[in-house]
Student: 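Got a structure here, written out as structure tokens. Questions coming.
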Amino acid sequence: MRVFKFGGASIKDADGIRNIVQVLKQTGHANTLIVISAMGKTTNAMEAIVDTYFKDKSEITSKITDTVDYHTAIMKDLFPNPQHKIYKDIKVLIDEVTGFLAWNKSPNYNFVYDQVVGYGELIATSIVSAYLEEIGLKNNWLDVRNYIKTDTNYRDTAVNWKKTQENISNIDKEILHITQGFLGSDDNNFTTTLGREGSDYTAAILAYCLNADSVTIWKDVPGVLNADPRYFKETQLLNNISYLEAIELAFYGASVIHPKTLQPLQKKEIPLHVKSFIHPTDNGTTVGKGVGIEPKVPCFIVKKNQVLMKLSSLDFSFIVEDSISELFKLFHEHKMKVDLIQNSAISFSVCVDNKFGGLEALLNRLKSTFKIVHHENVSLYTIRHFNAKALASLQNGHEILLEQRGKETVQLVVK
């Protein structure tokens, strides 16, 4: 069995959904499980609904209407008959969102987030599944929440592999399935999410539990590039990458592959293909068992909107194991992802991702123990397999706040 994953960019409009059909026609669709993300920027729109719920409930109806209108326009293009069952199905899902927001009593933002945001995936897969049926491509719609079981760390849950394996082993491998990325559920059947961009991870979880032959992630780029074309002018396609190298790239923040995706695939040596949904017959990039990277060129990774903190002890005492351990405990409590650390005898510098908004509370906790200098909205650049030319391209014209280099990798925090 194969697992395909299509992201939001591939189904942002009706033509994108039609293009999935063309991809399936060219690659075949037997024994295939398709994982689908929310359409276009729907996840952002659903996040806006959650924010409005906590800040100004009077605006909720308007936000939901915008999301409904976006999907309705796509459905009208795909299903001209206004009596088609899909319209009723989507209304049921929207009613579930509004119903939850009406009766919910929980003040926990992360819990509410998970119960609301995942409807982007539920709506998208319902529309895609219905369209494939409409054109005669029989498929089975699965609610992934019935299969992937997790803990209750909402917005960044850990998979219960034992229960998940038991559930997924019941999936029929002989037919075409459509399911959602990003989602799971806890023991009380509340929806959970695997973290932003978690649909790739979903595909890997399913592939691992199904002993799939391969996973293919369909993107709007030709494969894994040595740099993000949004930030770098010159990019080069990487034809082959080893699991180890890909995990390194993902760890440092390469956006084309989710950091958790590769671990289950590597355990069973399931190859990962990253290919273009625009040119589906092109080779793209293959991640698998092997050595290094081909071609071996510098790989550039940038993480925007980071926070650099320099902590120094108030009494000139050393920052050693016990104090560093306490710092990491605080980072964990405030959901701060640590991307870079550097320390000396009495100072400790750390670059963190404040994606859950815990910075202010963290700084207040630290002020009692440390002198703190921090810079917000900095960028963390990483170059794998760097050379002098690659390093100079980032150093020139930028204010470097921190630099750290090893044998294969250099990292720069840039203001």
Student: Please work out whether the ring planes of Phe6 and Trp218 are parallel, tilted or perpendicular, with thresholds of 30° and 60°.
Tutor: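 It falls in the parallel class, under 30°.
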Student: Look at the rings of Trp161 and Tyr208 and say which category their plane angle falls in: under 30° parallel, 30 to 60° tilted, over 60° perpendicular.
Tutor: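 It falls in the perpendicular class, over 60°.
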Student: Output the distance between atom OG (Ser393) and atom CZ (Phe232), rounded to the nearest 0.5 Å.
Tutor: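 Interatomic distance, Ser393 OG to Phe232 CZ, rounded to 0.5 Å: 7.5 Å.
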Student: Would you say that Thr191 contacts Leu183 through its side chain, given a criterion of any heavy-atom pair below 4.5 Å between the two side chains?
Tutor: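 Answer yes - side chains close enough.
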Student: Looking at Glu403 and Arg405, is any side-chain nitrogen of the basic one under 4.0 Å from a carboxylate oxygen of the acidic one?
Tutor: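 Between Glu403 and Arg405 there is a salt bridge, with a charged N closer than 4.0 Å to a carboxylate O.
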Student: Below 30° counts as parallel, above 60° as perpendicular, anything between as tilted: where do the rings of Phe331 and Phe348 land?
Tutor: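 If you compare the ring of Phe331 with that of Phe348, the planes turn out parallel.
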Student: Please answer whether the main-chain N or O of Gln236 pairs with a side-chain N or O of Asn226 as donor and acceptor at a distance below 3.5 Å.
Tutor: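 Here the side-chain-to-backbone pair exists.
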Student: Any side-chain heavy atom of Val97 sitting closer than 4.5 Å to one from Gln115?
Tutor: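 No - every pair of side-chain heavy atoms lies 4.5 Å or more apart.
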Student: Any sub-3.5 Å donor-acceptor pair from Thr202's side-chain atoms to Gly198's backbone N or O?
Tutor: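 Answer holds: yes.
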Student: Report all side-chain donor-acceptor pairs from residues 240-251 shorter than 3.5 Å, counting only partners two or more places apart or in another chain.
Tutor:
{"residue": "Ser242", "atom": "OG", "partner": "Glu245", "partner atom": "N", "Å": "3.1"}
{"residue": "Ser242", "atom": "OG", "partner": "Gly292", "partner atom": "O", "Å": "3.3"}
{"residue": "Tyr243", "atom": "OH", "partner": "Ile270", "partner atom": "N", "Å": "3.1"}
{"residue": "Tyr243", "atom": "OH", "partner": "Ile270", "partner atom": "O", "Å": "2.8"}
{"residue": "Glu245", "atom": "OE1", "partner": "Arg384", "partner atom": "NH2", "Å": "2.9"}
{"residue": "Glu245", "atom": "OE1", "partner": "His385", "partner atom": "NE2", "Å": "3.3"}
{"residue": "Glu245", "atom": "OE2", "partner": "Arg384", "partner atom": "NE", "Å": "3.2"}
{"residue": "Glu245", "atom": "OE2", "partner": "Arg384", "partner atom": "NH2", "Å": "3.3"}
{"residue": "Glu245", "atom": "OE2", "partner": "His385", "partner atom": "NE2", "Å": "3.0"}

Student: With respect to Thr65, which candidate in Thr67, Val68, Thr61 satisfies the side-chain contact (heavy atoms from CB on, under 4.5 Å) definition?
Tutor: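 So, applying the side-chain contact (heavy atoms from CB on, under 4.5 Å) to Thr65 and each of Thr67, Val68, Thr61, only Thr61 qualifies.
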Student: Between atom SG of Cys299 and atom CG of Leu238, what is the distance when rounded to the nearest 0.5 Å?
Tutor: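 CG of Leu238 is found 5.0 Å from SG of Cys299.
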Student: Rounded to the nearest 0.5 Å, how far does NZ of Lys415 lie from CD1 of Ile400?
Tutor: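 Between Ile400 CD1 and Lys415 NZ, I get 12.5 Å after rounding to 0.5 Å.
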Student: Look at Asp187 together with Lys163 and state whether they make a salt bridge at an N to O cut-off of under 4.0 Å.
Tutor: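 A salt bridge links Asp187 with Lys163.
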Student: Distance check, rounded to the nearest 0.5 Å: Asp143 atom CG versus Leu122 atom CG?
Tutor: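 Taking CG in Asp143 and CG in Leu122, the distance rounds to 6.0 Å.
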Student: Looking at Asp114, Thr150, Thr152, which one forms a side-chain hydrogen bond (donor to acceptor under 3.5 Å, both in side chains) with Thr192?
Tutor: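 The option that passes is Thr150.
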Student: Any side-chain heavy-atom pair from Leu363 and Ile372 closer than 4.5 angstrom?
Tutor: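 With C-beta onward as the side chain, the pair touches.
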Student: Could you report the tightest heavy-atom contact between His374 and Leu359, atom names first, then the distance?
Tutor: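 Scanning both residues completely, I find the closest heavy atoms to be CD2-CD2, 4.4 Å.
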Student: Return yes if some donor-acceptor pair links the side-chain N/O of Arg365 with the main-chain N/O of Glu360 below 3.5 Å, else return no.
Tutor: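 No; zero donor-acceptor contacts below 3.5 Å.
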Student: Can you find a heavy atom in the side chain of Ser10 that is under 4.5 Å from one in the side chain of Asp220?
Tutor: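 No, side chains not in contact.
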Student: Are there more than 12 heavy atoms of other residues, nucleotides or ligands under 6.0 Å from atom NE2 of His332?
Tutor: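 12 or below, so no.
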Student: Would you call Asn160 and Lys162 a side-chain contact if the rule is heavy atoms closer than 4.5 Å?
Tutor: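 Yes, side chains in contact.
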Student: Indicate whether the side chain of His375 and that of Gln306 have a donor and an acceptor atom separated by less than 3.5 Å.
Tutor: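 Checked: His375/Gln306 side chains show no N/O donor-acceptor pair below 3.5 Å.
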Student: Report yes or no: is the cationic atom of Lys85 (NZ for Lys, CZ for Arg) under 6.0 Å from the centre of the six-membered ring of Tyr87, at an angle within 45° of the ring normal?
Tutor: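 No - Lys85 does not lie over the ring of Tyr87 by the 6.0 Å and 45° rule.
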Student: To the nearest 0.5 Å, tell me how far Gln404 CD sits from Gln411 CD.
Tutor: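 CD of Gln411 is found 6.5 Å from CD of Gln404.
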Student: Could you grab the distance from atom NZ of Lys25 to atom CD1 of Ile135, nearest 0.5 Å is fine?
Tutor: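 If I round to the nearest 0.5 Å, the distance is 6.0 Å.
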Student: Write down the atom of Met1, the atom of Asn31, and the distance for their closest heavy-atom approach.
Tutor: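 Taking every non-hydrogen atom into account, CG-O, 3.2 Å.
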Student: Could you check Tyr113 against Tyr154 for ring pair (Phe, Tyr, Trp, His ring centres under 6.0 Å), going step by step and ending with a plain yes or no?
Tutor: CA-CA 8 Å; Tyr113 179 101; Tyr154 298 106; over 10 Å; no
Student: With a 6.0 Å cut-off on ring centres, are Phe111 and Phe190 close enough?
Tutor: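 For Phe111 and Phe190, the ring centres are under 6.0 Å apart.
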Student: May I ask you to check whether Asn108 and Ser106 show a side-chain donor-acceptor distance below 3.5 Å?
Tutor: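 Asn108 vs Ser106: no donor-acceptor pair found between side chains.
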Student: Residues in side chain to side chain contact (heavy atoms under 4.5 Å, CB included) with Tyr231, at least two apart?
Tutor: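 Here the qualifying residues are Asp228, Val302, Lys304.
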Student: Who are the salt bridge (Lys or Arg N to Asp or Glu O under 4.0 Å) partners of Lys76, not counting sequence neighbours?
Tutor: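 Not a single residue meets the salt bridge (Lys or Arg N to Asp or Glu O under 4.0 Å) criterion with Lys76.
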Student: Could you give me the CA-CA distance, side-chain angles and deciding distance for Lys268 and Asn211, then say whether side chain to side chain donor-acceptor pair (under 3.5 Å) is met?
Tutor: CA-CA 8 Å; Lys268 291 190 176 180; Asn211 293 313; 2.7 Å; yes
Student: Give a yes or no on whether a salt bridge exists between Lys91 and Asp89, defined as a side-chain N under 4.0 angstrom from a carboxylate O.
Tutor: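 No salt bridge links Lys91 with Asp89.
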Student: Please examine the side chains of Phe356 and Arg155, heavy atoms only from C-beta on, and report whether any two atoms are closer than 4.5 Å.
Tutor: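 Heavy-atom side-chain distance check passes, below 4.5 Å.
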Student: Identify the residue among Val128, Thr125, Thr179, Leu132 that makes a side-chain contact (heavy atoms from CB on, under 4.5 Å) with Trp141.
Tutor: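 Testing each of Val128, Thr125, Thr179, Leu132 against Trp141, the sole residue satisfying side-chain contact (heavy atoms from CB on, under 4.5 Å) is Thr125.
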